[in-house]
Amino acid sequence: MRNYTDLEKIRLRKLDLLRAAGLEPYPARAERTHTTAETLADYAARRQANPALDRHLPHGAYTVAGRLRSVRVMGKAAFAHLEDAAGRLQLYFRADELGDRFRLFVDAFDLGDFLQATGGLFQTKTGENTLWVRDFRILAKAISPLPTPKEEVAAGQKVVHSAFANPEARYRERYADLAVNAEAREVFRLRARIISALRRFLDGHGFLEVETPILQPLYGGAAARPFVTHHNQLHQDLYLRISFELYLKRLLVGNLERVYEIGRDFRNEGVSFKHNPEFTQLEFYWAYADYEQVMRLTEDMLACVADDVLGTRQITYQGKPISLEPGWPRISLAEAIAEYATIDIAAHPSAEALRLAMQAQGLPVPAAATTRGKLIEGLLGDYVEKRLQQPTFIVDYPRDISPLSKAKRDVPTIVERFEGYIGGMELCNAFTELNDPLDQEQRFLEMHRDYAAGSEDAHPLDEDYLRAMRYGMPPNGGFGMGVDRLTMLLADKSTIREVILFPHLRQKDSDKVVDET
RNA sequence: GGCCCCAUAGCUCAACGGCAGAGCAAGCGCCUCUUAAGCGUUAGGUUGUAGGUUCAAAUCCUACUGGGGUCACCA
C-alpha cells in the first residue's frame with residue numbers, strides 16, 4: 001500500500017466529494033472551445049468592434065480548460081487563475097449563480113487540478129479581463145500538491161515568491177518544473193524552434209535528412225568511450241553510437257551528395273555543465289565542398305537560426321553581448337595558442353620538445369597527453385576555449401588528433417579542420433573529409449595499434465567503412481554541432497541540464513525498484 | 001575520480017551546542033471585484049542515512065547517499 005502524505009489523503013477524500021456531487025474526477029473528454037489566449041483575443045476584438053459594450057457584464061461564450069494555479073475565495077465569490085499551454089485566464093465564481101456548485105468548488109478543488117469552465121468575459125474593477133463562470137467541472141484531480149510559487153508584478157517586473165528552484169528537484173521531477181515554471185516551458189519551446197529552424201535551413205540548401213543506426217556493431221567517428229549493450233537473440237554485443245559520421249559518409253558513397261541527421265549521441269564520459277551522457281547532435285556531409293565552404297555555411301546557418309527563433313542576431317549570453325553576424329574571425333590553432341598560452345607550437349615539432357617547452361613555462365602537462373596533438377588539444381582547452389566569447393573559427397588542427405580529416409596539401413602534419421567557439425564553449429567541429437581509402441586505412445591502422453596497446457580513446461578498425469570508401473567517396477566537407485549547446489546559447493542558460501528535458505542524474509535509493517514479495 | 005559547498009514541514013527558507021520556527025500550500029471559521037487577496041484558528045518534523053563526541057547535537061566529528069560548484073576526463 002502506498003504511503004500517502006496527509007496532504008494527499010485530504011485530496012483523496014475530495015475525490016468522494018466530487019463523485020457524490022455527480023462529477024467524475026477523471027472524465028475521458030473535455031469540451032474546450034478556446035484556449036486562454038484565444039478567449040482574451042476574441043474578447044478584445046469584440047470590445048474593439050463594439051466600444052459601447054458594457055465591460056462589467058459578461059459577453060460571449062467560451063469554454064476553457066487548464067490547470068488551476070491560484071484561488072482567492074471571498075465568502076460568496078471567488079477568483080482563480082487557470083493556466084493552459086497558451087497562457088492564463090482569471091475565473092470569477094459567484095455563489096448566488098452557482099449555488100451548491102460554488103461550495104463544491106471551494107471544498108473539492110485544489111491548486112493543480114485540471115478544470116473546464118464556461119462563461120462570458122468581463123473586465124474587473126482592477127482591469128483584468130476575466131471569465132465569469134456559468135458552469136465548470138473537473139477534468140483531472142491532482143492528488144499530490146505541486147510546488148506553489150506565487151507571482152506578483154511589482155514595478156513592471158514579474159517577481160516570483162517561493163519559486164520552485166531546487167535544481168535537483170526540478171530535474172528529477174521535470175513534469176512539476178514544467179507545470180509551475182513557465183520559463184522552463186519556454187526553454188523547450190525555444191529548443192523545438194531551433195531544431196525546426198535547423199531543418200528548414202538545411203532542407204532549403206538541398207540537404208536530405210536521414211536516419212542511421214544508433215545500435216552499431218562498431219563505434220567510431222569521435223574520440224569517446226561508448227556504452228555497450230547486447231542483442232540477446234543474435235548473441236552480439238552492440239554499441240550505442242558516439243557519432244553519426246561514418247554512416248553518413250557511407251551515404252556519400254551512395255551518391256546522396258548532401259545528407260544530414262539530427263539525433264542522439266551517447267558518450268560514456270563524465271558529466272558537466274556542458275556534457276550529458278546522451279546529447280543531441282547535428283551532422284551534415286556536403287559533397288564537393290571543403291571546410292572553407294562549410295565555415296561559410298555555418299555562419300549563415302547560425303545567423304539564420306537566430307533570426308528565425310529570436311528575431312535578432314545580437315544575443316546576450318551570461319551577461320555578455322554576442323553577435324552572430326557572419327564573418328567570424330578565423331584564427332589558426334597555432335596563432336590562438338601563441339596568443340593565449342604564449343607557446344609557439346611550430347617551434348616544437350615533437351611531443352617531447354613541446355612537453356619540455358610547456359614545463360619550462362610552468363604550464364601543467366596532462367598525464368594522459370601522449371602525443372603532440374593531445375598536448376596541443378590540452379592547451380586549446382585550458383587556455384584558448386574560455387577566451388573565445390565572440391563567434392570564432394579555430395582552424396588547422398594537428399593530424400594525429402584528426403584521423404578522419406584531410407591533410408593540408410602543403411603541410412602534411414596539419415589537417416583542414418575547424419572548430420567553432422561561442423561564449424567560451426566549443427559549439428561545432430568540421431573538416432574537409434578524408435576520402436582516400438588507402439590513407440584512411442593507414443590512419444585506422446595507427447589508431448588500431450593504439451587500441452591494441454590499451455589507449456582508451458582509440459577505436460576498433462571499421463573494415464566496412466573502408467570497403468565503402470574504396471568504391472569511391474566524393475571530396476566533401478563534414479560538420480557536427482551540439483544542438484544542446486546551441487540551445488544553451490540562444491536560451492542564455494549556463495548548464496546543459498536546463499536545456500535537456502530529463503538530464504541524467506544518479507538514481508536515488510528511494511527510486512530504486514524494490515522486490516515486492 | 002580529487003577538492004569545496006549543500007541536504008530542516010508539500011514548496012521557499014530561519015534556527016549554527018541549550019524547548020525545531022516563519023511565509024506559502026493544507027484543515028476549520030469569516031468575508032460577493034480579488035490577484036503574493038485579507039482576518040482568525042488548527043494541524044503538519046525520526047532535521048538525507050548510519051555511527052561518534054557531549055549532561056545536551058539540526059548545529060561539532062566520521063562514513064555513506066544524493067545534489068551543486070570546480071578540477072581531472074571528454075574531436
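Chain letters run A, B, ... following the sequence lines, proteins first and then strands; every chain starts at 1. All values derive from a computational prediction rather than experimental measurement.
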Exercise. Has the side chain of Glu128(A) got a donor or acceptor that lies under 3.5 Å from a partner of the other kind on the base of rU34(B)?
Worked result: no
Exercise. Does Arg101(A) make a cation-pi contact with Phe136(A) (under 6.0 Å, within 45 degrees of the axis)?
Worked result: yes
For this session: Determine the contact category for Arg170(A): base if any of its heavy atoms lies under 4.0 Å from a base atom, sugar-phosphate if only primed atoms, P, OP1 or OP2 are that close, otherwise nothing.
Result: nothing
For this session: Tell me what Tyr92(A) touches on the nucleic acid: a base, only sugar-phosphate, or nothing, going by heavy atoms under 4.0 Å.
Result: base
Seminar exercise, completed: Taken to the nearest whole Å, CZ/Arg225(A) to P/rG1(B) is 12 Å
Exercise. Is a donor-acceptor contact shorter than 3.5 angstrom present between the side chain of His275(A) and the base of rC74(B)?
Worked result: yes
For this session: Give one of base, sugar-phosphate or nothing for Pro403(A), where a contact means two heavy atoms less than 4.0 Å apart.
Result: base
Problem set entry | For atom CZ of Arg72(A) and atom P of rC39(B), their distance in whole Å | 15 Å
Seminar exercise, completed: Whole-Å distance, Glu498(A) CD to rG67(B) P, equals 16 Å
Exercise. Between atom CD in Glu151(A) and atom C1' in rC11(B), what is the gap in whole Å?
Worked result: 14 Å
For this session: Would you mind reading off the distance between Phe164(A) atom CZ and rC13(B) atom C1', rounded to a whole angstrom?
Result: 15 Å
Problem set entry | Pair Glu245(A), Tyr247(A): side-chain N/O donor-acceptor within cut-off below 3.5 Å | no
Exercise. Contact class for Glu426(A) (heavy atom, under 4.0 Å): base, sugar-phosphate, or nothing?
Worked result: sugar-phosphate
Exercise. Given rU34(B), rA75(B), rG67(B), which nucleotide is nearest the side-chain atoms of Glu168(A)?
Worked result: rG67(B)
Exercise. Looking across every strand, which nucleic acid part, if any, lies under 4.0 Å from Ile401(A) by heavy atom: base, sugar-phosphate, or nothing?
Worked result: base
For this session: Classify the nucleic acid contact of Phe122(A) as base, sugar-phosphate or nothing, counting any heavy atom under 4.0 Å across all strands shown.
Result: base
Exercise. Given atom CD of Glu173(A) and atom P of rG67(B), what is their separation to the nearest angstrom?
Worked result: 14 Å
For this session: Indicate, with a heavy-atom threshold strictly under 4.0 Å, whether Lys158(A) touches base, sugar-phosphate, or nothing.
Result: nothing
Exercise. To the nearest angstrom, how far is Leu375(A) atom CG from rA72(B) atom P?
Worked result: 14 Å
Problem set entry | Geometric cation-pi criterion, Arg417(A) with Tyr397(A): 6.0 Å, 45° | yes
For this session: Scan Asp96(A) against the nucleic acid and name what it touches under 4.0 Å (heavy atoms): base, sugar-phosphate only, or nothing.
Result: base
For this session: Tell me which nucleotide among rU12(B), rA26(B), rU32(B) gets nearest to the side chain of Lys14(A).
Result: rA26(B)
